[in-house]
Amino acid sequence: QVHLVEIGGGEVQDGGSLRLACVASGSTSSIDAFGWYRQGPGNQRELVATIRIDGSTDYAGSLKDRFTISRDDAKNRVYLQMNSLKPEDTGVYYCNARTKKDSWFRTYDYWGQGTQVTVSS
């Protein structure tokens with residue numbers, strides 16, 4: 001089992017910055033990749049960024065220009081630095097952890113409870 005807690009949401013003005021943190025506990029050695037997802041009002045949950053155990057990262061669309069995912073293995077934390085925030089970035093941001101494949105080639109996803117990010121114009 002992996003337990004995830006997101007920290008750092010809040011309200012900022014258009015053009016502002018926020019840094020989210022995800023604190024992982026439990027069987028963290030089983031994790032293959034962390035991800036940040038978000039769900040805006042009336043929208044489906046969408047991928048923002050992922051970071052794998054080898055440090056490689058992926059971003060959704062043009063978010064790479066403004067968002068940066070990173071991790072601190074010593075603290076079991078994953079961060080999402082968000083710059084030049086826009087009102088359309090408003091939503092609940094979720095931390096995700098995906099495990100390595102088990103002997104049956106299955107992976108498991110764990111989710112945090114989410115943290116609200118509101119960008120006001």
Side-chain angles (χ1 to χ4, degrees):
Q1 290 285 333
V2 175
H3 186 58
L4 304 172
V5 177
E6 298 95 342
I7 304 169
E11 183 169 357
V12 294
Q13 294 285 328
D14 189 354
S17 297
L18 275 178
R19 188 175 81 154
L20 306 181
C22 173
V23 183
S25 61
S27 301
T28 55
S29 61
S30 69
I31 297 170
D32 183 56
F34 285 98
W36 284 99
Y37 289 72
R38 68 184 183 184
Q39 187 167 13
N43 296 331
Q44 293 185 333
R45 192 174 297 188
E46 62 179 4
L47 174 68
V48 174
T50 59
I51 185 166
R52 300 175 190 83
I53 56 172
D54 63 3
S56 60
T57 58
D58 284 316
Y59 293 87
S62 62
L63 293 180
K64 185 176 183 178
D65 297 335
R66 300 187 292 120
F67 291 9
T68 302
I69 189 170
S70 61
R71 72 174 198 266
D72 183 335
D73 292 336
K75 296 181 179 179
N76 283 330
R77 292 194 175 203
V78 178
Y79 301 98
L80 184 68
Q81 177 67 44
M82 304 184 292
N83 299 325
S84 302
L85 283 162
K86 306 174 182 180
E88 52 262 43
D89 293 318
T90 294
V92 180
Y93 283 68
Y94 296 91
C95 181
N96 165 268
R98 176 162 293 179
T99 65
K100 302 168 188 174
K101 292 179 182 178
D102 65 9
S103 57
W104 293 95
F105 300 98
R106 297 171 303 190
T107 61
Y108 298 90
D109 282 299
Y110 294 93
W111 296 90
Q113 81 287 351
T115 186
Q116 177 70 42
V117 171
T118 301
V119 185
S120 55
S121 57

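No hydrogens, no waters, no symmetry mates; every other heavy atom, side chains included, goes into these values.
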Practice item. Any chance you could measure Arg45, atom CZ, to Arg38, atom CZ, to the nearest 0.5 Å? Key: 13.5 Å
Check your understanding: Closest heavy-atom contact between Asp89 and Ser84?
Key -> OD2-O, 4.4 Å
Check your understanding: Just how far is it from atom CZ of Phe67 to atom CG of Leu20, taken to the nearest 0.5 Å?
Key -> 8.5 Å
Point to revise | Exercise: identify the closest heavy-atom pair between Val92 and Gly114 | key: CG1-CA, 3.8 Å
Check your understanding: Yes or no on salt bridge (Lys or Arg N to Asp or Glu O under 4.0 Å) for Asp32 and Lys101, after CA distance, side-chain angles and deciding distance?
Key -> CA-CA 8 Å; Asp32 183 56; Lys101 292 179 182 178; over 6 Å; no
Review point. Among the clusters formed by ILVMFWY side chains lying less than 4.5 Å apart, do Leu85 and Val48 turn up in the same one?
Key: yes
**Study point:** Close side-chain approach of Asp14 and Pro87, heavy atoms under 4.5 Å
**Key:** yes
Revision key, fill the gap. Scanning both residues in full, the closest heavy-atom pair of Val5 with Gln113 reads CA-OE1, 3.9 Å
Point to revise | Tyr108 OH to Ile31 CD1 distance, which is reported to the nearest 0.5 Å | key: 15.0 Å
Exercise for review: Would you indicate whether Arg66, at its atom CZ, is surrounded by more than 12 heavy atoms from other residues, nucleotides or ligands within a distance under 6.0 Å?
Suggested key: yes
**Study point:** Val23-Leu4 co-clustered via ILVMFWY side chain contacts under 4.5 Å
**Key:** no
Check your understanding: Is the backbone of Tyr93 close enough, under 3.5 Å, to the side chain of Thr115 for a donor and an acceptor to pair up by distance?
Key -> no
Practice item. Determine yes or no for a side-chain-to-main-chain donor-acceptor pair under 3.5 angstrom, with Lys100 supplying the side chain and Ser29 the backbone. Key: yes
Check your understanding: Are the side chain of Arg77 and the backbone of Ala21 linked by a donor-acceptor contact shorter than 3.5 Å?
Key -> no
Point to revise | Shared hydrophobic cluster, Tyr37 / Ile69 (ILVMFWY, side-chain heavy atoms < 4.5 Å) | key: no
**Study point:** CD (Gln1) with more than 12 external heavy atoms under 6.0 Å
**Key:** no
Revision key, fill the gap. When rounded to the nearest 0.5 Å, the distance separating CG of Asp58 from CG of Leu63 is 12.5 Å
**Study point:** Plane angle bin for Trp111 and Tyr94 - parallel if under 30°, tilted between 30 and 60°, otherwise perpendicular
**Key:** perpendicular
Point to revise | Path from Tyr59 to Trp36 over hydrophobic side-chain contacts below 4.5 Å | key: yes
Check your understanding: Taking all non-hydrogen atoms of both residues, which atom of Val117 and which atom of Met82 are closest, and how far apart?
Key -> CG2-CE, 4.0 Å
Review point. Rounded to the nearest 0.5 Å, how far does CD1 of Ile53 lie from OG1 of Thr28?
Key: 11.5 Å
Review point. For the atom pair OG (Ser120) and CD (Gln13), what is the distance rounded to the nearest 0.5 Å?
Key: 3.5 Å
Check your understanding: Looking only at heavy atoms, which two atoms of Gln81 and Ser17 are closest? And how far apart?
Key -> NE2-CB, 4.0 Å
Check your understanding: Hey, any chance Tyr110 and Phe34 share a hydrophobic cluster, counting ILVMFWY side chains that come within less than 4.5 Å of each other, even indirectly?
Key -> yes
Point to revise | Non-hydrogen atoms of Arg71 and Asp73 that approach each other most closely | key: NE-OD1, 2.7 Å
